[in-house]
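Within every chain, numbering begins at 1; the chains are lettered A, B, ... in the order of the sequence lines, protein sequences first and strands thereafter.
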Number of protein chains: 2
Amino acid sequence: MVADPLSRVFSALADPTRRDMVARLAIGDATVSELAAPFDVSLQAVSKHLKVLEDAGLVSRSRDAQRRPVHLEAEVFDLMTKWIERYRRRAEARYRRLDDVLRSMPEESAPPPPPEGTAS
Amino acid sequence: MVADPLSRVFSALADPTRRDMVARLAIGDATVSELAAPFDVSLQAVSKHLKVLEDAGLVSRSRDAQRRPVHLEAEVFDLMTKWIERYRRRAEARYRRLDDVLRSMPEESAPPPPPEGTAS
DNA sequence: CGATTGGTCAACCGCTGGGTTGAATACGGC
DNA sequence: GCCGTATTCAACCCAGCGGTTGACCAATCG
C-alpha cells in the first residue's frame, strides 16, 4: 500500500469498523484485545485494521509488557480537514456567486445562452 | 455498493483521481469529457468515477443536450467534517488532560501504575 | 525451564474496485 | 431519417481488501 497520505487517511476511514475503533480510541488508549472485544471478528483482523490506521498515521502503537497499547493521533485529521475545507469553501463561494447572477438577470435562464459553454 | 453514507463519502475521496475531479469541479461545473481531459484514462472510467462521486452525494448531474454537466455539492462535506471534528476534539482534549496529569504528578510515570488497566 | 497470555505473520479465499474494450443509447444538426 | 457527438452499459481482467485459520514470536507467571 504505497499511496499518497491523503488517500491512505481517507481509505482508512472508509471502513466502518475502523471508524468505530477511532471513536473508541478517542475516549482513551486501548490494547488490541480491548479494541477487538466489541467487534465480531478475529484478533488477526483487528490487528490488520490497526496496521491500516497506523500506516495512515491515525494511530501509534507502543509497548507495555505483552500488550501493544494503541493511541489516537489527532494531528493527521488536519490533513483531511484542510483538503475538505478548501474545496467546500470554493464550492460554496461559487454557489453564492451563481445566486447573485441569477438574481441580477432573471430572463437569461430558459433559452440557449449565447455561444460557447466551456469557460466558467 | 450499499454502504453507509459516511463510508461512501470517505471511500469516494480515497481515490486521487476522484479528488482531482472534485478540485476541478470546485472551480466550476464541467462535462464528462472536460473532466476526463486531464486524466490519462478512458471516458468510461471517468464515467464510473463520477457515478461513485454521485452515489456519495458529492456531485449531481443534470442534462444539457447530449452533455451531462457535473456539479459539486458542498453540503455532503459537512458529514465528514462533523465526524472528523468530533473525534479530533476528543483526542485533543484527552491530550491536554494527560498533559495536566503528567505535570501534576511527575513521579507516577515509569513504574507499573497500580492495578488494572482497562477503564480509561 | 514450560505454560499462558497478547499479538503478529503468512497463506489462502471471495468480493469489490478501477481499468479496459465494444456495443448501445440520447440528443442536435442537417 | 441519418450522422456525428456525448455519455453510459456490459462484460471482462487483475490487484487489493477484509475476512479466515494456523503457526509463530514476545513477555510474564509458576
Side-chain angles (χ1 to χ4, degrees), chain A residues 1-4 7-22 25 29-56 59-71 111-118, chain B residues 1-4 7-22 25 29-56 58-71 111-113 115-118:
Chain A
M1 232 279 254
V2 278
D4 59 294
S7 295
R8 282 201 294 264
V9 180
F10 277 123
S11 94
L13 293 179
D15 184 284
T17 302
R18 284 192 294 260
R19 282 200 307 277
D20 286 350
M21 290 177 175
V22 168
L25 288 168
D29 295 5
T31 67
V32 178
S33 330
E34 283 166 359
L35 278 170
F39 306 103
D40 190 22
V41 296
S42 66
L43 215 56
Q44 292 93 320
V46 172
S47 192
K48 278 195 187 181
H49 279 305
L50 288 173
K51 190 163 190 338
V52 173
L53 288 172
E54 189 176 25
D55 288 348
V59 308
S60 62
R61 287 186 276 184
S62 47
R63 180 172 273 291
D64 162 31
Q66 309 98 318
R67 266 147 257 144
R68 311 290 314 272
V70 182
H71 174 77
E116 66 83 42
T118 309
Chain B
M1 229 276 256
V2 279
D4 59 294
S7 295
R8 281 201 295 262
V9 179
F10 277 123
S11 95
L13 294 179
D15 184 284
T17 301
R18 283 192 294 260
R19 282 199 308 278
D20 286 351
M21 289 177 175
V22 167
L25 287 169
D29 295 5
T31 67
V32 178
S33 328
E34 282 165 1
L35 278 169
F39 306 102
D40 192 21
V41 296
S42 67
L43 217 55
Q44 292 95 319
V46 172
S47 192
K48 278 194 187 182
H49 279 305
L50 288 174
K51 191 166 188 337
V52 173
L53 289 172
E54 188 175 25
D55 288 348
L58 285 161
V59 307
S60 61
R61 287 186 278 184
S62 46
R63 180 171 273 291
D64 164 31
Q66 306 98 320
R67 267 146 259 146
R68 311 289 315 270
V70 183
H71 175 78
E116 64 86 41
T118 309

A:D64 side chain vs A:R67 backbone, donor-acceptor pair below 3.5 Å: no
Please check: side-chain N/O of A:R19 versus main-chain N/O of A:L13, any donor-acceptor pairing under 3.5 Å? yes
Below 4.0 Å: OP1/OP2 of D:dA26 and any side-chain N or O of A:R67: no
Interatomic distance, [X] [atom1] vs [N] [atom2] [rounded to whole Å]:
X	N	atom1	atom2	answer
B:L50	D:dA6	CG	C1'	13 Å
A:R61	C:dG6	CZ	P	17 Å
B:F10	D:dC17	CZ	C1'	18 Å

Which atoms of nucleotides 18-25 of chain D (N or O only) lie under 3.5 Å from a protein N or O atom, and what are those distances?
residue	atom	partner	partner atom	Å
D:dG18	OP1	A:R18	NH1	3.3
D:dG18	OP1	A:R18	NH2	2.8
D:dG18	OP2	A:R18	NH1	3.2
D:dG19	OP2	A:H49	NE2	2.3
D:dG19	N7	A:K48	NZ	3.2
D:dG19	O6	A:K48	NZ	2.2
D:dT20	OP2	A:S42	N	2.9
D:dT20	OP2	A:S42	OG	2.8
D:dG22	O6	A:Q44	NE2	2.6

Does a side chain donor of either B:T17 or B:D20 reach within less than 3.5 Å of an acceptor in the other side chain? no
Tell me which donor-acceptor pairs under 3.5 Å the side chains of residues 41-48 of chain A have, and how far apart each pair is, sequence neighbours excluded?
residue	atom	partner	partner atom	Å
A:S42	OG	A:A45	N	3.2

Would you indicate whether the side-chain heavy atoms of B:R61 and B:K51 approach each other to under 4.5 Å? yes
Using nucleotides 26-30 of chain C, report all nitrogen or oxygen pairs with the protein that are shorter than 3.5 Å.
residue	atom	partner	partner atom	Å
C:dC27	OP1	B:R63	NE	3.4
C:dC27	O2	B:Q66	NE2	3.4

How about A:D40: does its CG atom have over 12 heavy atoms from other parts shown lying under 6.0 Å from it? no
